[in-house]
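Below is one structure, written out as structure tokens, with a few remarks after it.
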Number of protein chains: 2
Amino acid sequence: MDMNAQQRANSGTDGHNLRPEDLAAVARLPLFCDLSPALLAEITVEASVTKYARNDIIFRQGDIPNALRVVLDGQVGLTGTIADGGETMVEILKAGEMFIPAAVLTEKPFLMSAVALQPSRILSLPGERFRRDVREKSDLAYVMLTSLSRHFRSLVREVKDLKLKSAAQRLALYLIGLTTKREGSTIVRLPHSKSVIAARVGVRPETLSRAFSHLKGQGVVVDGNAVSIADIPALRAYCHEGEEII
Amino acid sequence: MDMNAQQRANSGTDGHNLRPEDLAAVARLPLFCDLSPALLAEITVEASVTKYARNDIIFRQGDIPNALRVVLDGQVGLTGTIADGGETMVEILKAGEMFIPAAVLTEKPFLMSAVALQPSRILSLPGERFRRDVREKSDLAYVMLTSLSRHFRSLVREVKDLKLKSAAQRLALYLIGLTTKREGSTIVRLPHSKSVIAARVGVRPETLSRAFSHLKGQGVVVDGNAVSIADIPALRAYCHEGEEII
DNA sequence: GGGAACACTTGACGTTGGTCAACTCATCTA
DNA sequence: TAGATGAGTTGACCAACGTCAAGTGTTCCC
């Protein structure tokens, strides 16, 4: 929770703020891997890497964004808060994912706070520079556009699920999102605490607990943070996954 | 509901499919007004205008997108459907608004169906051509990026509201979105039927009715499709509008 | 080893919103 | 004018989820 716990982790050498291994990590990101090495080097000239401890606040809802962020390592949660104390997890990001592009591009206050759910290393691309790069380098603009489009579609799915599906169905969707397989049975490890998952799914922890026992009827067995799914297609059917396309 | 009710409304003259008055209308759109006339003319070379009657389906969830659409006149609703019969209105668009950029850019199936809520004229920018234009013309890419960013943020707000606010609060937010004033009292006309508004707010029509009577306590009086709001700031306070920034 | 702190679960109960049915009212049509 | 139709409202009831409280580990720390 302590903003001061964060540490700069730069080592400026060649006029570039990034260490070579960080630059290499950035180049491997699905987000930027289509960019030419020259362009990549250029847009990261002013970039820096910051470390955050678990529960450190990266920024707060309402702040003005000063940099586009990319998770290099760890986990970041984006939580929305309203005045009467309500709080929810809008998104959970893992290594390789970019966040808050929309706030940086529009220069509007954050709609969410960001908190490190695990010790994390975060890349910052300063906003002023980034906006200029996007305006001037059409390859970058195109990459951002496709990335934001994909992200946009996942939010549309989220809105539909919130409006149309039950808590147990949304939990099932979340579990399916954790598996890599599409058939048969599997065991997945929950990557977050159950209270974090509850906030992500959009229910209270008590309700999450009940949703899990509800899913026993669908062949889902929980033991600590290990979840065994007996029949993946059956679970997909239960939450109508993939059936949205009528 | 009849796909065949739509009519092509083109009149090709100068190798351009658009009538001059349609081109002028496009140039006035907040979306494209920052583009140079030359660029605008270029991206609209293959554009066409289609008319739809009330309740015509413009496309269906699951279809592969073939063109970016812009509402020139009328109203369009985007509805999401799930397999067990549930349906909800994710968005309602009015004249001047673009839709489905994300599906066109990613070439993925629509997550929603589009229906004309009023007799409407819709501009189509063919997908193949549009994707090429976005890749080659950086001004266009930048405009799309800022537009999609704004849109993205409104969806984030939507997710937060769905997770954290009551039906009556979401209705109040919807009503506030209809007013232009920020203070005092006002009377707004509901631009859609109440069943459409119910789907938009994310409740059943019966619940919308009850939410309206609930809002009487906040100075909201309904008479047909005229809604009088006695105290706009009080209504904003009721649904915590603008207080998200803690 | 004792106990404080935390995460999670379970039960009892209240509130919100969905469901079903009846009813009103306006519009449209024969 | 009578009847049909559709939108909206209202009431009774129910299911889903939130709230509050108690209870069970588990971990951590002295």
Side-chain angles (χ1 to χ4, degrees), chain A residues 1 53-55 77 82 84-89 115 117-118 160-175 189-218 220-227 238-239, chain B residues 1 54-55 77 82 84-89 115 117-118 161-175 189-218 220-227 238-239:
Chain A
M1 288 289 180
R54 191 174 132 91
N55 292 331
I82 61 168
D84 65 357
E87 187 171 321
T88 192
M89 182 82 54
V115 55
L117 300 176
Q118 296 293 336
K160 283 171 61 177
D161 293 344
L162 285 169
K163 281 184 165 183
L164 296 172
K165 289 177 183 170
S166 69
Q169 285 175 316
R170 295 200 307 270
L171 172 58
L173 277 172
Y174 171 80
L175 293 175
R189 259 185 73 85
L190 300 177
H192 325 283
S193 73
K194 286 187 184 154
S195 22
V196 168
I197 294 173
R200 173 70 251 275
V201 171
V203 296
R204 301 284 139 180
E206 297 94 322
T207 303
L208 184 80
S209 219
R210 288 168 182 128
F212 266 123
S213 30
H214 191 87
L215 288 185
K216 271 180 197 144
Q218 311 296 327
V220 174
V221 178
V222 190
D223 176 26
N225 61 6
V227 177
Y238 170 72
C239 54
Chain B
M1 286 293 180
R54 191 174 132 92
N55 291 333
I82 62 169
D84 65 357
E87 187 171 322
T88 191
M89 182 81 55
V115 55
L117 300 176
Q118 296 293 336
D161 293 343
L162 285 169
K163 281 183 163 183
L164 295 172
K165 289 177 183 171
S166 70
Q169 284 175 317
R170 295 200 307 271
L171 172 57
L173 277 172
Y174 171 81
L175 294 175
R189 261 185 74 84
L190 299 177
H192 325 284
S193 72
K194 286 187 185 155
S195 21
V196 167
I197 294 173
R200 174 68 251 275
V201 171
V203 296
R204 301 284 140 182
E206 297 94 322
T207 303
L208 185 79
S209 220
R210 290 172 180 124
F212 266 124
S213 30
H214 191 86
L215 288 184
K216 270 178 197 146
Q218 312 298 324
V220 174
V221 178
V222 190
D223 176 27
N225 61 6
V227 177
Y238 170 73
C239 55

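A, B, ... follow the sequence lines: proteins, then strands. Residue 1 opens every chain. Hydrogens, waters and symmetry mates are skipped; everything else that's a heavy atom, side chains included, is used.
Between H214(B) and L171(B) there is no side-chain heavy-atom pair separated by less than 4.5 Å. In this structure the side chain of Q169(B) never reaches within 4.5 angstrom of the side chain of D161(B), judged on heavy atoms.
Taking atom CG on L171(B) and atom P on dT16(C), their separation rounds to 16 Å, with Å as the unit. Straight-line distance from the NE2 atom of H214(B) to the C1' atom of dT15(C): 12 Å, rounded to whole Å. Rounding to whole angstrom units, NZ of residue K165(B) and C1' of dG17(C) are separated by 18 Å. Atom CD1 in I197(A) sits about 15 Å away from atom C1' in dT9(C), given to the nearest Å. The separation between L208(B) atom CG and dG17(C) atom C1' is 12 Å, rounded to whole Å. The distance from atom CZ of F212(A) to atom P of dT9(C) is 8 Å, rounded to the nearest whole Å. Atoms NE2 (H192(A)) and C1' (dA7(C)) sit 16 Å apart, rounded to a whole Å.
The side chain of S195(A) contributes an N or O atom lying less than 4.0 Å from OP1 or OP2 of dC8(C).
Of all nucleotides in DNA chain D having an atom under 4.0 Å from a heavy atom of chain A, the first and last in 5' to 3' order are dC17(D) to dC20(D).
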Trace of the side-chain contact (heavy atoms from CB on, under 4.5 Å) decision for K194(B) with V222(B): CA-CA 11 Å; K194(B) 286 187 185 155; V222(B) 190; 3.6 Å; yes
The test is side-chain contact (heavy atoms from CB on, under 4.5 Å); show your working for L175(B) and L215(B) and say whether it passes. CA-CA 11 Å; L175(B) 294 175; L215(B) 288 184; 4.0 Å; yes
Before you tell me yes or no, could you show the steps for V203(A) and R170(A) under side-chain contact (heavy atoms from CB on, under 4.5 Å), namely the whole-Å CA-CA distance, both residues' side-chain angles and the distance that decides it to 0.1 Å? CA-CA 10 Å; V203(A) 296; R170(A) 295 200 307 270; 3.7 Å; yes
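S213(B) comes within 4.0 angstrom of no nucleic acid atom, judged by non-hydrogen atoms across all strands.
Across every non-hydrogen atom of L164(B) and G86(A), the tightest pair is CD2-C, 3.9 Å. Closest of all the heavy-atom pairs between T207(A) and A167(A) is CG2-CB, 4.4 Å. Taking both residues in full, the closest heavy atoms of M89(B) and K163(A) are given as O-NZ, 2.7 Å, listed atom of the first, atom of the second, then distance.
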Along nucleotides 18-24 of chain C, 5' to 3', which nucleotides get a B, which get an S, and which get a -, given that the test is a protein heavy-atom distance under 4.0 Å? BBB----
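Side chain of S213(B) to main chain of S209(B): a donor-acceptor pair is present (N/O by atom type, distance under 3.5 Å, no hydrogens or angles).
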